[in-house]
Number of protein chains: 2
Amino acid sequence: MVSIKDVAEHAGTSFKTVSRVINNDPGVREETRERVQASIDALGYRPNSAARMMRNQKSGVIGFISDEVVTQPYAGELLLGAQEVASEHDKVLMVVNIEHDRKRQQRAIDMLLERRVEALVYASYYHREIELPQEMLQVPSVLVNCFTTEAELPTFVPDEVQAGYDATRLLIEQGHSRIGMITLNPQIVASRKRLEGYRRALDEAGIAFDGELIVQGEPRFDESAEAASVAFAVDTLMALDKRPTALVCGKDEFAMQVYFLLARFGLQVGRDLAVTSFDNQRLIAPGLTPGLTTMELPHLEMGRAALHCLFNRTDDRSTRLIPFSPIVRESHRLKV
Amino acid sequence: MVSIKDVAEHAGTSFKTVSRVINNDPGVREETRERVQASIDALGYRPNSAARMMRNQKSGVIGFISDEVVTQPYAGELLLGAQEVASEHDKVLMVVNIEHDRKRQQRAIDMLLERRVEALVYASYYHREIELPQEMLQVPSVLVNCFTTEAELPTFVPDEVQAGYDATRLLIEQGHSRIGMITLNPQIVASRKRLEGYRRALDEAGIAFDGELIVQGEPRFDESAEAASVAFAVDTLMALDKRPTALVCGKDEFAMQVYFLLARFGLQVGRDLAVTSFDNQRLIAPGLTPGLTTMELPHLEMGRAALHCLFNRTDDRSTRLIPFSPIVRESHRLKV
DNA sequence: CCGATGAATGACAACGTTGTCGAACAGTAA
DNA sequence: TTACTGTTCGACAACGTTGTCATTCATCGG
């Protein structure tokens, strides 16, 4: 590989002068600068970042540890937002997917610390508590879409309560008061918090909470039984004496199921039942008829916010709630 | 940051001996080794990879340039497969998303070459021809899910023809001979090749090709008009004198639309129309009733194959076709 | 014409690591 | 004792940069 010395020899100067040219140091005569630049171009020289790192004691790298962000639809936007802000600050992300594997996680963190990452981001696919790798405390770190009780770290999570509130509010504003909810697995943070938002919206509107209207859509054990589970949930709701006229679905896949399942009862979303949901899965939400009104997870925004926080290095180690965006289509509104 | 010299001082040896311990060099007395190891642990020493890089003239990094792989549902599996193989060989991926931006692409490549990546992978979200960044020829490179005519490089793309063939064949085997197809935008490689596979399957089965059965599902200009476009396609097919009894959909979103749209005609997928499709979008395909039979894009496999190719450095610069996997559910079969 | 000034450039060290070579030492055979 | 072996360890250089300081040279005022 061609080094600064090769360029110097080619240009007939000392290698220090070449260094000056590369770094736009002002103390170089114009003529010399041009000659050196010509040699750089001729030899195809590129500064060796490893040498620079050693000299400057800075890697310019930010580690991004993800459990499975990258493999999940649109969660990758989190990465995208992070990359965008990082590159504004001339930093690069080094992304490692650890896939819930302890050993792999350890190896990944070792690798990142050996590369002297200037900071670490830990991002999880779904909003949950994590076991904090203790090594993360050695460098500035932030958590995204996850949290921990083991240490105080800047944390960015979606505002699930607000999302639940807004999703419900959209239906209340349409005049509904019998509003059903198909929840995610209650062990999940999102499930509990969104329900909290739902209740808050009802309270605020003076609507009494009715436990009968809350049914679980995700199966307790067998993932593959999800379709059946949603079907059961819809059946349960539709068998009620006072059927709901509106429904908050725990995720867009549930909503899709609902669109199909209502046909059994001769009903249609958007005519007989108003629906809102969460996620705004681009594959599903716009493709349904009527278009699905849904709360979009702020992945991009969380990624951005987390990196901004790293660069504005204050001592603020609080948890920040990033709001969902309501994507308003037609499903929350009944056509008469 | 604590260096090898700090450890040496702490352990009362020369720094070279510490180096030997780190690298498991045999010529160290057991007692010394333990003493040094204790110091390493006590000080929390981690070897500085920048220094190692400089010394060894090897970065251990493989650059992964993606146009938008990461932000697209499940295309991230490509990255995952690549990462898996890389880490088997003790290499790390450095991923950069260039988002079709010329400048960003140039910056990304410069950055990667300055970091002395040992190889480059260029992966595109959908199968297409790319303009090859000329710098890629400076290091061993492979293309994934894309190709170029500007140079001969090892290339890994999905076998679209086989996918079209298989998707059609599944229907033929069920006794169908009037098989419609809703195609993607014909400018896309996948669209043309899959149609070729479709024709081959028909030929082989002695079924005459009928152009009336081929309709375009993707709108020509306006992306947002896709739903309407598919609706029009279905209407067209259903208005034929001899309606198709089976249908190959260009992507799972089309299939989802078809499930809904058939209702207009009082028809049902799996009862009146057999359907196959492409992609196996996890959000859609398993959630439809009947489950969608679809050809899964070999993202994971392409990622793996590409990296294997880099490590088995032969001079083979050919294009390898990676087969789709048929994910057989129920939609290709009519229930009587 | 001389010394002072400032601009342009070079010599050298250092960053943290590993490869090469040689030194110190213990043990063994003659 | 000597000579030789092998084991264990350290001194030193080098990798490619950049910061510090010294040197060279032209220019300018007196």
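By convention in this document, chain letters (A, B, ...) are assigned in the order of the sequence lines, proteins followed by strands, and residues within each chain are numbered from 1. For clarity, every value in this text was computed on a predicted model and none was experimentally measured.
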Side-chain N or O of B:T17 versus OP1/OP2 of D:dG10: is the shortest distance under 4.0 Å? yes

Are any side-chain N or O atoms of B:T319 and backbone N or O atoms of B:T155, one a donor and one an acceptor, separated by less than 3.5 Å? no

Table of protein N/O atoms under 3.5 Å from nucleotides 22-27 of chain C N/O atoms:
none

May I ask you to decide whether A:E118 forms a salt bridge with A:K58, counting only side-chain N to carboxylate O separations under 4.0 Å? no

For the helix from C:dC1-D:dG30 to C:dA30-D:dT1, what is the angle between the axes at its two ends, each from 5 pairs, rounded to 10°? 60°

If you look at every heavy atom in A:P133 and A:I109, which pair is closest and at what distance? CB-CD1, 3.2 Å

Reading 5' to 3' through nucleotides 11-18 of chain D, protein heavy-atom contacts under 4.0 Å coded B for base, S for sugar-phosphate only, - for none: BBBBBBBB

Polar contact flag, side-chain donor to acceptor under 3.5 angstrom, B:Q106-B:E135: yes

Quiz question: by atom type and distance under 3.5 Å, do the side chains of B:T314 and B:N312 form a donor-acceptor pair? no

C:dT9, OP1 or OP2 - any side-chain N/O from A:T13 closer than 4.0 Å? no

Under 30°, 30 to 60°, or over 60°: which ring-plane class applies to B:F311 and B:H89, parallel, tilted or perpendicular? parallel

Would A:D41 and A:Q37 count as a side chain to side chain donor-acceptor pair (under 3.5 Å) if you check the C-alpha gap in whole Å, the side-chain angles of each, and the deciding distance to 0.1 Å? CA-CA 6 Å; A:D41 295 342; A:Q37 189 58 53; 3.2 Å; yes

In terms of side-chain heavy atoms, does A:E129 have a donor or acceptor partner in A:T149 at a distance below 3.5 Å? yes

Between the side chains of B:S66 and B:N97, is a donor N or O closer than 3.5 angstrom to an acceptor N or O? yes

Can a salt bridge be assigned to the pair A:D159 and A:K193 using a cut-off of 4.0 Å between side-chain N and carboxylate O? no

